[in-house]
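First up is the structure itself, then whatever we jot down about it.
Since this is a predicted model, take the numbers as computed values, not measurements.
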Amino acid sequence: MASMTINSVNFGTAKGVKFEYLGLKVHQNVTCVKPHSVKFAPRTLTVNAVEAHGDGPVKKMGKSDEGCEAAVVAGNVPEAPPVPPKPSAPAGTPLVIPLRLSKRPRRNRRSPVLRAAFQETSISPANLVYPLFIHEGEVEREEDTPIGAMPGCYRLGWRHGLVEEVAKARDVGVNSIVLFPKVPDALKTSTGDEAYNDNGLVPRTIRLLKDKYPDLVIYTDVALDPYSSDGHDGIVREDGVIMNDETVHQLCKQAVSQARAGADVVSPSDMMDGRIGAIRAALDAEGFQHVSIMSYTAKYASSFYGPFREALDSNPRFGDKKTYQMNPANYREALIETHEDEAEGADILLVKPGLPYLDIIRLLRDNSSLPIAAYQVSGEYSMIKAGGVLKMIDEERVMMESLMCLRRAGADIILTYFALQAARCMCGEKR
């Protein structure tokens with residue numbers, strides 16, 4: 001019987017343990033069986049080993065370290081592979097004097113291992129928030145409706161289709177979603193009162209999801225446009241002006257209703273002045289100090305939103321949204337919104353759209369210590385999808401590159417309709 005003394009723990013007799021040695025290197029031929037007993041001793045660890053064919057001493061084979069070193073000193077150097085030949089250049093390559101460069105950045109890019117080691121930005125499913133469209137439906141005949149302008153996206157039945165889609169996302173590590181409701185026209189009013197109905201589509205859906213997936217992080221949209229007969233984010237005066245303070249009053253009730261249902265993060269996307277502070281106060285007054293606010297800080301009056309409005313049937317009945325959403329030509333104005341939202345109590349700052357506004361994402365990242373979110377909007381999604389269908393681009397590669405660029409610009413999280421597809425790609429699954 002052979003023993004090895006290591007440290008601290010004494011293992012009792014174990015059968016079927018085999019160690020082969022060549023010098024001081026252990027071979028991979030090791031067989032272990034759980035010991036019959038484990039005894040603790042203050043200073044020693046004894047591992048009992050037996051030969052595969054009976055009891056006997058474990059033989060140490062080969063030269064010792066000292067013997068190997070002595071052989072090398074004596075000139076008996078062991079053989080090793082030769083220096084590989086220098087790869088030849090193609091015929092016609094000019095002969096030049098090497099440039100005298102003290103820095104060659106390509107050295108750190110020359111192999112996949114080095115590129116991975118020095119990669120500055122990473123992305124994982126945890127960085128993604130999955131926007132999901134929901135609608136009403138009969139219990140037994142609830143159907144998922146495809147959205148024509150957004151291939152692969154659907155209005156999901158809130159009882160079945162939504163739950164199945166959330167399960168698919170969770171399977172690949174996406175555990176954050178944001179809900180957008182398609183509200184029946186009959187429930188839309190000029191003041192959007194359905195937005196704070198505690199038994200409305202969004203609160204019911206939140207309660208259902210939290211009952212099934214308690215650890216799911218649910219973001220909600222706080223705005224009146226899905227509930228407004230005018231299709232605007234706020235209450236519209238008879239002369240067409242969007243009323244700010246009256247709208248904020250409604251938004252506070254909407255946010256509290258969503259928090260009451262179990263929302264983790266309420267997300268005002270309306271761009272009314274002062275709404276972050278008012279919503280924070282309303283949530284705190286109702287005991288929802290734990291509920292976060294993700295402010296759409298820099299939401300631009302963009303033409304990239306078209307497919308989204310088709311999905312929710314929420315186009316403005318008249319005019320546009322330029323009196324409350326930001327001018328795409330403006331850069332410094334985003335800092336004004338950033339400072340206001342921070343001062344009023346926002347927990348996360350969002351930029352929308354995403355890829356065309358990388359400079360704004362970086363601006364917020366450099367000027368705020370709060371988490372930054374980017375929304376890769378419906379137009380961005382649909383363009384990549386269309387390019388892939390037409391074989392003009394490699395859809396999967398462009399998808400992943402676009403998401404990485406949003407991260408590189410400074411986004412901590414990304415709201416993207418690619419969330420499930422991208423997470424599957426990261427996990428090595430095929431589409």
Side-chain angles (χ1 to χ4, degrees), residues 105 108-109 115-131 173-178 217 219 221-222 264-269 271 276 292-305 308 325-381 383-384 397-419 421-423 425-426:
N108 289 341
R109 307 178 200 137
R115 291 194 295 273
F118 304 134
Q119 181 168 310
E120 300 172 27
T121 305
S122 62
I123 187 168
S124 77
N127 300 123
L128 306 179
V129 179
Y130 196 7
V174 177
N175 202 39
S176 299
I177 65 165
V178 56
V217 176
Y219 293 71
D221 181 48
V222 179
D264 298 284
V265 185
V266 297
S267 312
S269 63
M271 290 299 288
I276 301 302
S292 301
I293 298 176
M294 179 174 72
S295 173
Y296 283 56
T297 296
K299 181 178 180 181
Y300 285 84
S302 173
S303 298
F304 283 89
Y305 304 149
F308 176 94
Q325 294 178 358
M326 289 176 57
N327 185 342
N330 289 2
Y331 176 81
R332 297 189 306 273
E333 186 181 4
L335 285 177
I336 298 174
E337 297 286 354
T338 297
H339 296 151
E340 288 299 313
D341 286 353
E342 279 192 323
E344 292 178 24
D347 299 288
I348 308 164
L349 308 178
L350 180 140
V351 176
K352 181 180 179 181
L355 207 61
Y357 293 82
L358 294 179
D359 58 332
I360 306 301
I361 296 171
R362 173 49 56 184
L363 179 68
L364 268 62
R365 172 73 292 146
D366 289 343
N367 287 276
S368 175
S369 57
L370 291 177
I372 304 299
Y375 200 144
Q376 186 181 50
V377 300
S378 58
E380 299 172 66
Y381 170 86
M383 286 193 300
I384 294 173
R397 288 178 180 272
V398 172
M399 168 189 72
M400 293 307 300
E401 183 178 340
S402 67
L403 295 172
M404 185 65 78
C405 289
L406 293 167
R407 288 275 294 147
R408 187 194 67 227
D412 298 289
I413 60 171
I414 303 168
L415 284 65
T416 175
Y417 305 100
F418 282 121
Q421 183 180 343
C425 181
M426 294 178 211

For the residue pair [X] and [Y], what are the closest heavy atoms and their distance?
X: L355; Y: L358; value: O-CG, 3.3 Å
X: D412; Y: P371; value: OD2-CA, 3.2 Å
X: L415; Y: Y296; value: CD2-OH, 4.3 Å
X: M399; Y: C425; value: CE-CB, 4.4 Å
X: Y305; Y: P353; value: OH-CD, 3.5 Å

Side-chain donor-acceptor contact under 3.5 Å, Q376 with S402: yes
Within the distance-only criterion (no hydrogens, no angle test), does the side chain of [X] pair as donor or acceptor with the backbone N or O of [Y] below 3.5 angstrom?
X: R407; Y: G410; answer: no
X: D341; Y: T338; answer: no
X: E344; Y: I276; answer: yes
X: E380; Y: G354; answer: yes

Partner residues of R362 under the salt bridge (Lys or Arg N to Asp or Glu O under 4.0 Å) criterion, sequence neighbours left out: D366
By salt bridge (Lys or Arg N to Asp or Glu O under 4.0 Å) - contacts of D221 (at least two apart): none
Heavy-atom count check: over 12 atoms from other residues, nucleotides or ligands less than 6.0 Å from [X] [atom1]?
X: F304; atom1: CZ; value: no
X: E333; atom1: CD; value: yes
X: R115; atom1: CZ; value: yes

From [X] [atom1] over to [Y] [atom2], what is the distance, rounded to the nearest 0.5 angstrom?
X: S122; Y: M404; atom1: OG; atom2: CE; result: 7.0 Å
X: C405; Y: I123; atom1: SG; atom2: CD1; result: 10.0 Å
X: I360; Y: L350; atom1: CD1; atom2: CG; result: 13.0 Å
X: T416; Y: Q421; atom1: OG1; atom2: CD; result: 9.0 Å
X: E340; Y: T297; atom1: CD; atom2: OG1; result: 11.0 Å
X: L406; Y: I413; atom1: CG; atom2: CD1; result: 12.0 Å

Could you check if a side-chain atom of [X] sits within less than 4.5 angstrom of a side-chain atom of [Y], using non-hydrogen atoms only?
X: I348; Y: I293; result: no
X: Y375; Y: V351; result: no
X: V266; Y: Y219; result: no
X: D347; Y: L370; result: no

Residue pairs involving residues 293-302 (criterion salt bridge (Lys or Arg N to Asp or Glu O under 4.0 Å); sequence neighbours excluded): D233-K299
